[in-house]
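Proteins get letters first, then strands, A, B, ... in listed order; numbering begins at 1 in each.
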Protein chains: 2
Amino acid sequence: MGAPPRRATISDVAREAGTGKTSISRYLNGELSVLSPDLRSRIEAAIERLDYRPNQMARGLKRGRNRLLGLLLADLANPYSVEVLQGVEAACHALGYMPLICHAANEIDMERRYLQLLTTYRVEGVIVNALGVPESMLKPMGSGGIPAVLVDRTVDGLDADMVGLDNAAAVRLAVQHLLERGYDDLVFVVQPFEHVSSRREREAAFRRSIDGAAGASAQQATKGAQEVRAATHVLDLHDDASVDAALAVLDAHIADAARRGARCALFAANAPVALRLALHLKAKFGAQWQQQAALIAIDDPEWAELAGITTIRQPTREIGYRAVEFLNERIEGAALAARAAAFPGELVVRASTLG
Amino acid sequence: MGAPPRRATISDVAREAGTGKTSISRYLNGELSVLSPDLRSRIEAAIERLDYRPNQMARGLKRGRNRLLGLLLADLANPYSVEVLQGVEAACHALGYMPLICHAANEIDMERRYLQLLTTYRVEGVIVNALGVPESMLKPMGSGGIPAVLVDRTVDGLDADMVGLDNAAAVRLAVQHLLERGYDDLVFVVQPFEHVSSRREREAAFRRSIDGAAGASAQQATKGAQEVRAATHVLDLHDDASVDAALAVLDAHIADAARRGARCALFAANAPVALRLALHLKAKFGAQWQQQAALIAIDDPEWAELAGITTIRQPTREIGYRAVEFLNERIEGAALAARAAAFPGELVVRASTLG
DNA sequence: CTGTTAGCGCATTCAC
DNA sequence: GTGAATGCGCTAACAG
């Protein structure tokens, strides 16, 4: 005997059950009511005996849909991505999809390759946490192409569903917290942001929040009545030399603030930036750095608690879940205009802003 | 015009190029030398014009292989998994496979479901970082079933290729470091380890390392001539109550060691345990906890540097890469006996063992 | 060099 | 209730 050399097919099952393929197919598709109890149990037995598993590829080929969703992630090393992924998975299970997870690993041409590959596997839709400019790579979907929903960031010329953080509100929350804690020299640190909408939005929101607060304090003579300074620094994490240079400038800024007697706080636009800054501050001020410099960040990685960093936590699971829901509606044929879901962030206060 | 409502098929291209499907197929499969320059350029043009992409599902159905590999991960929240994943991806690209990433999220029946699903999609092989007991779920492959290679841990009754850390050597390295630093009360902390081979091996290696060291010091009268104590504590991270209880016992142990004047060091079996311990130590001793208690861990997550924890780093990328290589050989038909690749760990000394 | 033919495993008319 | 026939998109013999 031994194990069968080849996996059983529907024909094998039909033969084993002494019937035609049609009945097997009906059984598989839950049209149980149309089968005589006898046939039905014979089929069950045959399937069991042959350890039969319907071939999804063949099914997909026939019916034209394979229940595959593409999930294209810019960087799985970023905990944010992993959490979004979990939300996506949960929704996929609930809706009967199988997520095809693709990891661009910060390589822009990996992203392009994967997008093509997904197309090739005829996924029914894609969820994209874009890295660079899939420009027209995604275009076709708006115009009858494959449905897509964007996560965290928009893609330039593309009019698609979008789900992510309410950046304006999140940044406002953070700035407000810093001002309340008496910081009056705020430094926003962000990766190169021209091409990433979420970074752009956060930076813009940062500027606006400061202006707003300054205006308010001017008329109301708030406790922090003195001027609040604000600056933006760019940290290109993929370029060591550039990072060193930027950190040197930052150091100068911090020193200057100390000289002026100002209270300086660093605002990291996301977790990777926060980690880099924390490492730098630790190297500079030692293990007790939280007492010398303030740091707040968007994103709440697992080590934030250990490092004692105040953060704005994103509802990452929900973001992933909603993305799939949006996509599913699109796949089911909804022809609405592009929607956007912006979830609120949550302030988690820790030692780094209690100096 | 507008975008074509349906993706172009090989027949469309053939018609557009004024030829038969065979030639198109030949073109797609790189049999270019067999095509007249004229036909060839007509085909190229047609493909371009129709934005044609061959349907992988159909190809797979026909040739019987779809170049899909299953990657079943127990827990993507564990940085170890993400790094292995990156190695797997790299190898897949090099060898022309597409990894189907499945995340069991610590749910044992998710694992089972995914294994079935992978079977259903006719993946050519699977790489499994097992969670529970896929028992016979994987059995079939040894006996003509789908090829599999195990990562980090074995599966009980299963005789398959295996790749992971050289646990014995890694643990020895860590223990040796601790002894050299003068610690004489070593506490190994690990998640429930009966069913996870790597944890079992590490725990066993811990006991053996201590015994070996004790023996050596006995005959050679090493500097640490006094007895070295060793104990194992279990931390079930998925059960809060149990964790609290275990930590209380640990605290007692530490207090007792202090009373005796012994130098106590904690040895975390992996990153999740290390994080939990670090959080506890921080809560107990404050931000400077590294000076009150020693901690070493297997795994080297990105936050280890920030937290200043000494670790044994695994060559995770290589592990993932090798897993795919093993699998590929199997898929190509190699019928060798089960192999095992055990990679060495690397000691990264940081503040937590320099007390 | 090129086209015709016959399936891969399955779902779906359409008859019986 | 049930089964035979047709074709999804593609590749692999076979002829020419």
For this session: Return the 5'-most residue of the pair A/Gly20, B/Arg59 with respect to DNA chain D, ranking by each residue's nearest nucleotide.
Result: A/Gly20
For this session: Quick one: closest heavy-atom pair of A/Ala323 and A/Val151, and the distance?
Result: CB-CG2, 4.0 Å
For this session: Write out all pairs satisfying salt bridge (charged side-chain N to carboxylate O under 4.0 Å, His left out) with one or both partners inside residues 10-25 of chain A, taking only residues at least two apart or from two chains.
Result: A/Arg6-A/Asp12, A/Asp12-A/Arg15, A/Glu16-A/Arg49
For this session: Taking all heavy atoms of B/Leu35 and all of B/Ser23, pick out the closest pair and write down the distance.
Result: CD1-O, 4.1 Å
Exercise. Can you tell me how far P of D/dC10 sits from CZ of B/Arg67, to the nearest Å?
Worked result: 19 Å
For this session: Please determine if A/Asp38 and A/Arg40 form a salt bridge, counting it only when a charged side-chain N lies under 4.0 Å from a carboxylate O.
Result: no
Exercise. Just how far, in rounded Å, is C1' of C/dA11 from CD1 of A/Ile10?
Worked result: 8 Å
Problem set entry | Length of the NZ-P vector between A/Lys62 and C/dA11, whole Å | 10 Å
Problem set entry | N/O donor-acceptor pair under 3.5 Å between A/Arg113 side chain and A/Ala104 backbone | no
Problem set entry | Spacing between A/Arg122 atom CZ and D/dC8 atom C1', to the nearest angstrom | 12 Å
Exercise. Heavy atoms under 4.0 Å, any strand shown: does B/Thr19 hit a base, just sugar-phosphate, or nothing?
Worked result: sugar-phosphate
Problem set entry | Proximity to DNA chain D (any heavy atom under 4.0 Å), residues of residues 24-38 of chain B only | B/Ser25, B/Arg26, B/Asn29
Exercise. Has B/Ser23 got a side-chain N or O lying under 4.0 Å from the OP1 or OP2 atom of C/dG3?
Worked result: yes
Problem set entry | Salt-bridge contact B/Arg339-B/Glu329 (side-chain N to carboxylate O under 4.0 Å) | yes
For this session: Specify the separation, in whole Å, of atom OH of B/Tyr121 and atom P of C/dC10.
Result: 14 Å
Problem set entry | Whole-Å gap separating C1' (C/dG9) and CG (A/Asn55) | 6 Å
Exercise. Quick one: A/Arg53 CZ to C/dC10 C1', roughly how many Å, whole number?
Worked result: 17 Å
Exercise. Per the atom types in the model, does the base of C/dA11 pair as donor or acceptor with the side chain of A/Thr22 at under 3.5 Å?
Worked result: no
Seminar exercise, completed: In A/Arg65, A/Arg330, A/Arg63, the residue satisfying salt bridge (Lys or Arg N to Asp or Glu O under 4.0 Å) with A/Glu124 is A/Arg65
Problem set entry | Interatomic distance where CG belongs to A/Asn66 and C1' belongs to C/dG9 [whole Å] | 15 Å
Exercise. Under 4.0 Å between a side-chain N or O of B/Thr9 and OP1 or OP2 of D/dC8?
Worked result: no
